[in-house]
Protein chains: 2
Amino acid sequence: MADRNAANLMGRGESLLFLTDDQLRRGIEAMFFAYRGFTADPDRILQEYGYGRAHHRAIHFINRSPGTTVNNLLSILGVTKQSLNRVLRTLVEDGLVDSRVGTRDKRERHLHLTEKGAALERALSEAQRNRMRDAFRAAGPEAVAGFRAVLEQMMDPDMKRHYLDGGDGPR
Amino acid sequence: MADRNAANLMGRGESLLFLTDDQLRRGIEAMFFAYRGFTADPDRILQEYGYGRAHHRAIHFINRSPGTTVNNLLSILGVTKQSLNRVLRTLVEDGLVDSRVGTRDKRERHLHLTEKGAALERALSEAQRNRMRDAFRAAGPEAVAGFRAVLEQMMDPDMKRHYLDGGDGPR
DNA sequence: TTGGAAAGTCAACAAGGCTGACATAAACTG
DNA sequence: CAGTTTATGTCAGCCTTGTTGACTTTCCAA
């Protein structure tokens with residue numbers, strides 16, 4: 001076990017990083033297992049409503065950016081419009097999402113959560129926040145900073161842009 | 001924006017943690033976007049072979065624990081045995097995985113990668129390790145420690161056990 | 001020795017990805 | 001104004017990967 005791996009230089013200037021394949025494998029599995037935990041609570045709630053993760057993602061980003069357009073959502077979610085449309089259609093039919101024709105550009109549809117949609121969003125995000133909060137507290141503030149730094153580096157540049165855009169100002 | 005959230009106490013003893021809903025939302029989106037980056041490279045390779053993520057997961061954990069049984073794999077992957085079986089069947093048919101009837105217990109199948117399977121595993125994990133390595137280096141060693149600490153806290157206890165089991169001894 | 005539990009397989013269904021083709025309306029451009 | 005591009009929606013069909021139910025083989029314990 002524990003195969004050594006040469007060719008490891010360069011920290012962010014502060015130190016050299018010797019990363020064995022085994023250490024990297026641990027990181028890979030950490031992502032896998034943690035992501036499962038991360039989605040477990042919302043998944044349980046969604047199941048009660050007969051929705052899936054795709055619905056959760058749509059609801060999340062509509063809530064984050066009320067009035068967003070279908071096209072914008074597409075670029076964030078990285079799925080096809082047919083795929084997104086199916087999800088969006090059921091959410092509109094079920095009265096969780098309101099789709100309003102644009103005023104400036106009437107081709108666009110601006111998406112908002114209804115009160116019912118906002119209620120589900122709160123239930124979902126509360127569950128997810130609770131787990132995130134517990135993890136953050138248990139790990140401590142420095143760990144949280146490291147967590148964010150590594151995840152940010154792991155994103156594709158395009159997605160990183162969406163991530164950074166979502167914040168309240170810089171940082 | 002930036003809604004305050006009371007009821008935030010307790011670091012790991014070192015400090016108080018005030019976590020707003022907005023900070024937690026940022027963490028949630030970090031997980032979402034980073035996981036996409038994390039799977040992007042293997043997904044591209046898998047597509048060339050006509051496989052999906054489910055195949056990758058099976059290959060990964062068979063490689064990690066050669067000779068593992070179907071049942072053990074099931075408890076790690078958290079899917080139904082029927083679902084896993086379909087993936088496993090194609091991998092065996094395609095000559096990537098070898099399924100040997102157990103000697104002690106003939107009900108069990110012990111799973112190994114063939115040379116062909118090991119080759120695909122190397123291609124997949126190399127791509128994933130490269131991204132992880134780059135992210136780790138860019139973020140620095142302290143960030144890596146924090147990353148691991150938070151992810152470990154985010155896992156369900158059962159999955160955490162599998163995660164810890166996978167290491168070379170404790171830690 | 002026999003009945004239940006456990007491991008694995010086969011069949012059928014559903015969610016949610018995907019591609020391709022096409023329709024409509026609005027906006028833009030020469 | 002004619003023609004093109006853009007934004008969105010829809011239909012049809014395919015694939016992966018999850019699900020449940022029914023079944024076989026093997027093991028073990030009463």
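What you see is a predicted model, and the numbers here were worked out from it, not measured in a lab. To find a chain, count down the sequence lines: A is the first, B the second, and so on, and within it residues start at 1.
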Colleague: Got a list of protein N/O to nucleotides 24-30 of chain D N/O distances below 3.5 Å?
Modeller:
residue: dC27(D); atom: OP1; partner: K106(B); partner atom: N; Å: 2.9

Colleague: If only side-chain N and O atoms of N71(A) are considered, is one of them under 4.0 Å from the OP1 or OP2 phosphate oxygen of dT8(D)?
Modeller: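 N71(A) to dT8(D) OP1/OP2: side-chain N or O found under 4.0 Å.
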Colleague: Any N or O donor-acceptor pair linking the side chain of Q82(B) to the base of dG21(D) at under 3.5 Å?
Modeller: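 Per atom types, the contact qualifies.
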Colleague: On DNA chain D, does the nearest nucleotide to V87(B) precede the nearest nucleotide to K81(B) from the 5' side, or the other way round? Give the residue.
Modeller: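 Checking each residue's closest nucleotide, the 5'-ward one belongs to V87(B).
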Colleague: Taking the inter-plane angle between the rings of H56(B) and H60(B) on a 0 to 90° scale, is it parallel (under 30°), tilted (30 to 60°) or perpendicular (over 60°)?
Modeller: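 Answer is perpendicular, since the angle exceeds 60°.
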Colleague: What nucleotide, of dG16(C), dT20(D), dT17(D), holds the atom closest to the side chain of A54(A)?
Modeller: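 So the nucleotide nearest the side chain must be dG16(C).
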Colleague: Assess the residue pair N130(B) and D41(B) against the criterion (side chain to side chain contact (heavy atoms under 4.5 Å, CB included)); give the C-alpha distance rounded to whole Å, side-chain angles, the decisive distance to 0.1 Å, and a yes or no.
Modeller: CA-CA 10 Å; N130(B) 285 344; D41(B) 303 322; over 6 Å; no
Colleague: Going by heavy atoms closer than 4.0 Å, what residues in residues 116-124 of chain B are next to DNA chain D?
Modeller: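 Hits under 4.0 Å, by residue number: none.
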Colleague: For the side chain of N85(A), counting heavy atoms from C-beta on, which of dG9(D), dT9(C), dG17(C) is nearest?
Modeller: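 It is dG9(D).
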Colleague: Phosphate oxygens OP1/OP2 of dT17(D): is one of them under 4.0 Å from a side-chain N or O of H55(B)?
Modeller: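 So the side-chain polar atoms of H55(B) do come within 4.0 Å of the phosphate oxygens OP1 or OP2 of dT17(D), strictly under.
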Colleague: Measuring to OP1 and OP2 of dT16(D), would you say a side-chain N or O of R86(B) lies under 4.0 angstrom away?
Modeller: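 No, no such contact exists.
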Colleague: Side-chain contact test, heavy atoms from C-beta onward, threshold under 4.5 Å: evaluate it for S65(A) versus I62(A) and give yes or no.
Modeller: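 A side-chain contact is absent here, since even the closest heavy-atom pair is not under 4.5 Å.
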Colleague: Determine which pairs satisfy ring-ring contact (aromatic ring centres under 6.0 Å, His included) with at least one residue from residues 109-156 of chain B, sequence neighbours left out, and list them in order.
Modeller: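 Passing the test, one end in residues 109-156 of chain B: F136(B)-F147(B).
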